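Beneath this line is the structure, given in structure tokens, with notes to follow.
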Amino acid sequence: MAWSTRELADLAGTTVNTVRHYHRLGLLAEPDRQYNGYKQYRSEHLVALLRIRRLVDLGVPLAQIGDVGADSLTAAQALAEVDADLQAKIERLQEARAAIATILETDAPADTPAGFEAAGSRLSSADSSMIHLYTRLYDEESLTDLREIVTHDDDPVTAEIDRLPADADEQTRRDLAERLAPSLAQNLRDYPWLLDPGDRLTRGEQATRDTVVDAMREVYNPAQLEVLARASILAHRLAAED
């Protein structure tokens with residue numbers, strides 16, 4: 001029994017282009033041709049093609065299929081690597097599903113920083129932007145602490161600062177800074193590394209400082225920046241008094 005390229009592809013549940021691609025890679029041997037030049041595939045080609053398709057379905061890269069088919073040890077190693085990759089993908093998908101469930105449940109923005117979904121609906125656009133940056137600047141242990149801080153932040157002054165206009169008067173700025181400082185001071189007490197985060201950075205200290213300062217200038221208006229700066233100074237004084 002002999003088949004054309006299209007018939008072979010149909011039998012194997014694939015396409016003519018895929019069969020030709022396997023020929024170009026040297027995975028599938030070229031068949032004999034009829035007097036008119038048409039290829040004549042036989043059962044050996046079909047079996048070889050089905051074997052290739054099986055390995056592809058398992059996730060074995062095409063570049064390794066030739067070695068896998070010829071060496072059982074290589075096959076075991078390749079399948080172990082594929083299995084590890086699949087396990088990692090499954091874990092990422094499970095994490096994504098959990099995050100999506102939290103986003104839907106809390107009505108948080110879809111682009112809420114990873115791990116902060118539970119507090120996403122309370123984050124301002126500016127705060128969310130800064131946290132996105134922090135996920136690239138701080139280590140995982142620091143981000144875990146930051147999640148705790150953000151998740152349990154129910155101070156109403158935070159929302160007031162989010163709404164603060166750029167032309168807010170001096171009294172309003174001073175009042176907000178004084179009201180924000182105690183919660184910031186408590187964070188410094190609970191997480192002392194905030195006083196000197198150098199060991200928690202994934203980038204150099206100067207590069208991190210420049211990145212954060214530039215970003216804050218972009219996402220916060222002048223009044224908000226002044227309140228945050230004043231509150232930070234007051235918080236450090238309060239924490240030092242303890």
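Note that the coordinates shown come from a computational prediction; the quantities given were computed from them, not determined experimentally. In what follows, residues are counted from 1 in the order of the sequence shown.
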> Is there a donor-acceptor contact under 3.5 Å from the side chain of Arg173 to the main chain of Ala168?
Replying inline: yes

> Do Thr144 and Glu141 come close enough that some side-chain heavy atom pair is under 4.5 Å?
Replying inline: no

>> Could you tell me if the side chain of Gln186 sits less than 4.5 Å from the side chain of Leu238, heavy atoms only?
In response: no

> Given side chains that start at C-beta, do those of Val19 and Thr14 come closer than 4.5 Å, heavy atoms only?
Replying inline: yes

>> The test is side-chain hydrogen bond (donor to acceptor under 3.5 Å, both in side chains); show your working for Thr172 and Asp169 and say whether it passes.
In response: CA-CA 6 Å; Thr172 300; Asp169 60 69; 3.0 Å; yes

>> Could you check whether atom CZ of Arg179 has more than 12 heavy atoms from other residues, nucleotides or ligands sitting under 6.0 Å from it?
In response: yes

> For the atom pair CG (Leu49) and OG (Ser43), what is the distance rounded to the nearest 0.5 Å?
Replying inline: 12.5 Å

>> Nearest 0.5 Å, please: how far is NE2 in His152 from CG in Asn187?
In response: 11.5 Å

> Applying the 4.5 Å side-chain criterion to the ILVMFWY set and letting contacts propagate, would Val213 and Val219 be lumped into a single cluster?
Replying inline: no

> Are Trp193 and Ile131 connected in a single hydrophobic cluster, I mean Ile/Leu/Val/Met/Phe/Trp/Tyr linked by side-chain heavy atoms less than 4.5 Å apart?
Replying inline: yes

> Considering only heavy atoms from C-beta outward, does the side chain of Arg136 approach that of Thr202 to under 4.5 Å?
Replying inline: no

> Are the side chain of His45 and the backbone N or O of Trp3 linked by a donor-acceptor pair below 3.5 Å?
Replying inline: no

> Any side-chain donor paired with an acceptor under 3.5 Å for Gln206 and Asp210?
Replying inline: yes

> Is any side-chain N of the basic residue among Glu7 and Lys39 closer than 4.0 Å to the acidic one's carboxylate O?
Replying inline: no

> About how many Å separate OG of Ser183 and CD1 of Ile149, when rounded to the nearest 0.5 Å?
Replying inline: 10.0 Å

>> Using the rule that Ile, Leu, Val, Met, Phe, Trp and Tyr join whenever any side-chain heavy atoms are under 4.5 Å apart, tell me whether Leu62 and Val60 fall into a single cluster.
In response: yes

> What is the distance from atom CG of Leu11 to atom CG of Leu46, rounded to the nearest 0.5 Å?
Replying inline: 5.5 Å

>> Tell me if the CD atom of Glu218 is crowded by more than 12 foreign heavy atoms within 6.0 Å.
In response: no

> Can we say Arg237 and Glu241 salt-bridge, meaning some charged N sits less than 4.0 Å from an Asp/Glu carboxylate O?
Replying inline: no

> Could you walk me through whether Glu81 and Gln77 pass the side-chain hydrogen bond (donor to acceptor under 3.5 Å, both in side chains) check?
Replying inline: CA-CA 6 Å; Glu81 292 175 3; Gln77 293 173 338; over 6 Å; no

> Heavy-atom distance under 4.5 Å between the side chains of Glu148 and Asp190, does that happen here?
Replying inline: no

> If only atom types and distance count, is the side chain of Gln224 paired as donor or acceptor with the main-chain N or O of Asp162 below 3.5 Å?
Replying inline: yes

> Is any side-chain heavy atom of His236 less than 4.5 Å from a side-chain heavy atom of Leu195?
Replying inline: yes

> Would you say the side-chain atoms of Arg97 and Gln94 include a donor-acceptor pair closer than 3.5 Å?
Replying inline: no

> Are any non-hydrogen side-chain atoms of Glu226 and Glu170 less than 4.5 angstrom apart?
Replying inline: yes

> Tell me, do Leu146 and Phe116 make a side-chain contact under 4.5 Å, heavy atoms counted?
Replying inline: yes

>> Hydrophobic cluster membership, with links at side-chain heavy-atom distances under 4.5 Å among I/L/V/M/F/W/Y: are Ile233 and Leu194 in one?
In response: no

> Among Asp127, Asp145, Leu123, Thr158, which one satisfies side chain to side chain contact (heavy atoms under 4.5 Å, CB included) with Val150?
Replying inline: Leu123

> Would a hydrophobic clustering, with Ile, Leu, Val, Met, Phe, Trp and Tyr connected at side-chain separations under 4.5 Å, put Leu58 with Leu27?
Replying inline: yes

